[in-house]
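Below is one structure, written out as structure tokens; comments come after it.
Numbered from 1 within each chain, the chains take letters A, B, ... in sequence-line order.
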Amino acid sequence: MVDVAVREQRNRRVISNLTAEDFEVLDNGVPQKVESVTYGKLPIDVTVALDVSYSVTGSTLERLRRGVSDLMRDLSKQDRLKLMIFNQRVFRAVDLTGDKDAVDKALRSVGAGGSTALLDAISVALVSSSAPDRRHLVVFFTDGNDSTSVTTPAALQTTARRARATLSFVMPSSGTVITSQAVNRGGFMNEVRTAMGMPARVDPLYTALAQDTGGSIVSANATTDLSSTFRQVLDQFRSAYVLYFNAQGVERGGYHTLEVKVNREGAIVQARRGYWY
Amino acid sequence: MNRLAIVLIVAVALWDGGRVLDGGRVFRPGMSHQQQTFRTSTDAVVVDVSVRRGNTPVTGLTAASFELRDNGVKQDVELVETTGVPIDLSVVVDVSGNLDRPWIKPVPMSKVTADVNERVAKLTKLLRPGDRVRLMAQDAYVQQLWPLQAAAIVPVVSTLQFDGNSSLFDTLAVLLMQPVEVTRRHVIVGSTRGADSLSTTRAAAVRQIAERSDAQMHLVMQEVDADSEASVRRFQCPCMSLCFPTHRFWVPRQTRLFRLSPNSCPPAMNPLPPDHTLLPDGVELKAAAEATGGGLYQGEVLSEPSLHGTFARAFENFRQSYVLRYVPKGVARAGWHDITVTVPGDKSLKIIARRGYAVEETPPPAAPVAAPAEPRTLDELLRAYEAEQFGAVAAGLRAARDPARWLREFDEGANPWPGSPMREAAFALELAEGGVFSSQAPAREEALKLLERFAKLVQHPVEPEMGEAVWHYAAITLMQGTLRPELVERFATMAVARFPNEPRFLLAKAIAADQRTAITQRRGGPMVNPATTQNLDAARALLEGAAKFPEVAAEAQVRLGYLLHRQGRHADALDVLEAVAAGPTPDRATQFLHQLFRGHTLMALNRDAEGIRAYRSALGVVPTAQSARVSLMHALFRRGDAALAEAEAERVQAETSNVFDPWWMYWQGQFRLYPQVIARLRELAK
């Protein structure tokens with residue numbers, strides 16, 4: 001099962017009338033037969049993970065609360081939301097639920113402080129189970145800093161490739177350099193540095209994670225309406241095809257690269273880059 | 001040698017005109033003001049007694065031969081065998097300069113050190129196995145050239161401060177106040193050209209200290225040398241016109257112990273014999289020496305006593321003297337005790353013994369001073385600290401809006417506890433703690449400045465001692481918490497300079513180097529990967545060095561193993577980590593990290609089953625540790641056990657315990673121990 005988002009390159013509008021015949025899937029370079037395609041029908045489990053360490057405080061935290069609360073209202077009846085919060089510790093504030101009041105209540109009790117175990121939190125969110133007949137979107141709101149995780153970037157990438165969930169990030173941007181005293185664990189941590197109106201230069205790790213899982217990275221500055229940002233991420237995810245195929249002609253076991261093409265001129269495809277058999 | 005440290009300790013005891021001493025109390029470095037003075041344990045008083053008939057020592061007396069009275073009350077004495085009691089000898093050499101020396105004639109250091117070494121060599125030949133000796137030199141600085149050590153092997157002095165102004169009284173005061181082990185006797189032998197120009201201590205105070213000291217003091221006056229030095233001013237210039245500018249622009253007020261020989265110009269036909277009559281300060285020092293059972297020795301006609309000769313005689317007397325011990329009965333405990341010792345059976349004998357001792361009554365504990373729950377001024381903070389309301393102190397520091405102001409105020413003020421410099425130093429550390437973690441740069445700067453100043457002030461002027469070591473350790477663990485390895489390095493280096501073989505300080509230097517490999521700090525420029533080969537190699541070498549000391553081997557090996565793992569040397573890492581199990585059980589945090597890093601290393605070697613067992617072992621040490629559970633989750637997921645991995649992810653998210661994960665503080669070194677160390681420091685500072 002592969003989630004695939006297809007858009008027109010020109011205006012990035014969703015292309016929603018494709019069939020199985022319009023798709024070509026290569027599994028480890030071997031063409032596969034797409035058995036069936038669904039569009040926008042499967043229920044969604046959304047995990048929203050909020051960074052509540054010292055690096056995310058004050059009005060930002062308040063905007064986050066509003067954004068998630070509004071996101072809850074955008075979910076359909078079959079969809080569920082789980083709220084995770086993390087600083088050095090990873091908590092589940094609310095388990096998968098459709099209860100908006102429970103989510104609101106949990107958001108009001110969130111306080112900021114502590115260091116940041118971002119990579120640990122991402123790992124836990126990706127590994128956490130989701131029912132096989134539901135699609136799983138994990139959205140992290142974070143400034144990208146990590147100071148406490150035991151997870152290494154390499155281990156996280158391995159986990160991301162095995163996991164079924166789609167991982168997206170909402171990362172704040174500002175006109176000033178964000179500096180941090182970050183602990184390096186073998187990788188090279190770029191600073192997250194932005195200028196107004198320009199896309200953030202994000203750590204390659206997060207870019208790779210988003211691409212590996214078919215997700216995206218969205219910038220949000222101090223004036224961005226986070227409600228519309230979260231809605232944007234959710235809509236992108238919802239407006240995706242789910243392709244079903246049985247892998248043929250490839251070795252079982254191990255990591256399989258995936259390449260998805262569409263027989264439509266001017267279309268761009270966003271899908272995970274592989275899966276673990 | 002830090003003169004300020006000496007002034008701090010000595011002046012604390014003697015400030016306010018010596019009023020502190022009127023009650024017979026003496027402050028000793030390393031001891032609280034509430035402890036007793038000289039060699040009185042809870043029960044026994046020990047007195048050295050020399051018995052002579054003329055100049056001949058009298059031997060063969062028994063305890064029954066003596067009558068000892070304590071404040072006039074006869075006491076039951078027992079005799080302690082003297083020959084078996086080892087001696088601690090303190091040798092003081094005067095290396096101060098001649099204030100009138102012409103500036104064109106500096107004395108070469110090689111000559112000074114050769115002279116010192118020769119004198120010491122002669123003296124130590126008189127000592128026996130089991131005796132110890134320390135060498136002090138005095139000029140502007142009170143210098144311990146080398147500390148107490150076995151007399152059989154003494155170092156050679158190759159460098160020292162010399163030619164400065166004299167601080168004789170301070171030097172003698174410091175030595176007289178040295179604590180003496182109950183099973184040993186302390187003898188001070190010194191020579192002087194009879195001048196003091198820099199001391200804070202007065203000669204009268206030296207006498208008062210001597211009366212209460214455990215040491216026996218012998219001082220030799222170098223009168224001929226003194227006369228020779230003075231001749232430049234008193235004879236060469238007025239008579240021979242050999243007038244040179246002296247090498248000092250400013251000549252301080254000088255105190256002399258004895259008169260200098262008269263010189264006249266033109267020289268008299270029949271010059272008068274030298275007149276070295278003791279001056280008032282010399283009389284005080286003579287009384288001081290005699291109060292200890294020793295003496296002040298001047299030249300007889302045409303002969304000047306030498307240090308060696310004086311000591312040889314004193315030593316012989318010392319060896320042949322008696323040591324009487326008794327438990328005072330029938331006398332009030334506190335206060336000054338006059339001691340008189342006689343041999344009733346032979347009143348012609350000359351008895352030399354110390355004249356008395358003092359016992360300070362422990363004052364009743366002061367009523368606790370109420371301090372607010374959250375101090376808002378420095379005074380309130382000090383009161384809370386004094387009342388041991390440390391929670392209130394912490395609350396006040398957390399709430400402080402301008403911590404820099406408190407730090408400056410404290411730094412510029414006087415010691416709130418003049419009788420306890422260690423307490424001041426301990427408070428400075430706790431005050432600085434609030435500053436080093438402040439978000440305000442001025443507070444961090446002031447805190448650092450304060451700590452660097454106190455790192456010098458806590459230095460004991462004679463020998464490094466435990467309170468100083470604990471202070472350094474507290475400062476180092478605090479700095480490790482700031483994640484600024486350059487600060488850790490700075491404080492660890494200061495500590496190692498004072499305690500070169502202290503394993504914890506060597507480990508601290510290693511941790512600083514380890515921090516440097518991992519902590520990225522930006523100050524304006526682009527970020528640089530800290531894990532350079534140079535940094536890693538430096539850290540590895542220091543950790544390997546620290547791992548040789550059993551006291552810190554476990555933690556050093558755990559850190560070394562993790563560093564090797566990070567370098568990709570997984571097999572080497574595992575060898576080091578497996579060696580930890582062979583040593584003594586380390587603290588819980590180190591045990592946890594040991595298993596966690598074993599897990600990482602085994603997984604890197606694709607020994608997944610063992611790696612998973614190691615993570616489970618780590619959870620056995622700290623069951624709620626998120627790092628071990630997340631690591632286990634990854635390992636299970638990698639192995640394809642999705643269900644088990646999901647179960648671990650579930651446990652992570654559901655954990656509500658507040659138990660700290662040791663991994664979270666890994667890069668902060670031994671900051672986890674800071675609360676224990678500061679508690680210890682508070683105890684020592686009381």
Side-chain angles (χ1 to χ4, degrees), chain A residues 47 49 54 82-95 114-117 119-130 145 147-152 154-156 158-164 177-191 193 253-254 276-277, chain B residues 439 482-484 515 517-524 526-531 565-568 596-597 599-600 603-604 615 624-631 633-638 640 642-658 660-661 663-668:
Chain A
T47 297
Y54 278 119
K82 172 170 132 180
L83 181 63
M84 278 174 64
I85 56 177
F86 65 96
N87 40 27
Q88 69 267 16
R89 209 178 250 297
V90 181
F91 300 93
R92 180 180 53 228
V94 178
D95 204 350
S115 54
T116 316
L119 301 196
D120 284 351
I122 297 173
S123 308
V124 169
L126 288 174
V127 170
S128 293
S129 63
S130 178
N145 288 328
S147 53
T148 326
S149 286
V150 71
T151 305
T152 62
L156 179 54
T158 301
T159 295
R161 287 178 177 178
R162 286 180 179 269
R164 287 180 47 234
V177 172
I178 300 172
T179 62
S180 66
Q181 196 175 56
V183 176
N184 185 298
R185 284 171 307 284
F188 182 64
M189 177 86 72
N190 289 320
E191 57 177 328
R193 180 195 180 114
W276 202 280
Y277 204 106
Chain B
S439 56
T482 65
L483 290 174
R484 291 181 63 184
Q515 282 182 327
T517 68
I519 292 174
T520 305
Q521 301 200 27
R522 272 192 69 256
R523 288 191 181 90
M527 279 187 170
V528 175
N529 185 353
H565 165 71
R566 280 155 47 220
Q567 281 186 286
L596 184 71
F597 297 154
H600 292 344
M603 295 301 294
Y615 291 139
T624 55
Q626 179 175 283
S627 58
R629 202 165 294 285
V630 168
S631 301
M633 177 195 79
H634 278 294
L636 292 166
F637 204 59
R638 175 171 119 165
L644 291 175
E646 284 167 16
E648 296 304 328
E650 175 63 25
R651 286 198 188 98
V652 168
Q653 296 170 84
E655 181 59 62
T656 54
S657 158
N658 282 329
F660 219 69
D661 184 338
W663 164 249
W664 292 344
M665 293 186 79
Y666 176 75
W667 290 110
Q668 291 176 296

All heavy atoms of B:Trp664 vs all of A:Gln88, minimum pair found to be CZ2-O, 3.3 Å
Separation between CZ of A:Arg92 and CD of B:Glu650, rounded to the nearest 0.5 Å: 4.0 Å
Say you draw a straight line from NE2 of B:His634 to OG1 of A:Thr152; how long is it, rounded to the nearest 0.5 Å? 7.0 Å
Under the side-chain hydrogen bond (donor to acceptor under 3.5 Å, both in side chains) test, which residues partner B:Glu655, sequence neighbours left out? none
Tell me, side chain or backbone of A:Ala117 under 4.5 Å from chain B's heavy atoms, or both, or neither? side chain
Which atom of A:Val150 lies closest to which atom of B:Ser627, heavy atoms considered: CG1-O, 3.4 Å
Separation of A:Ser128 OG from B:Met633 CE (nearest 0.5 Å): 7.5 Å
Taking A:Thr158, A:Asp95, A:Thr159 one by one, which has the highest count of heavy-atom pairs under 4.5 Å against chain B? A:Thr159
Shortest non-hydrogen contact from B:Glu646 to A:Val127? CG-O, 3.1 Å
Nearest-0.5 Å distance, CD of residue B:Gln653 to OG1 of residue A:Thr47: 8.0 Å
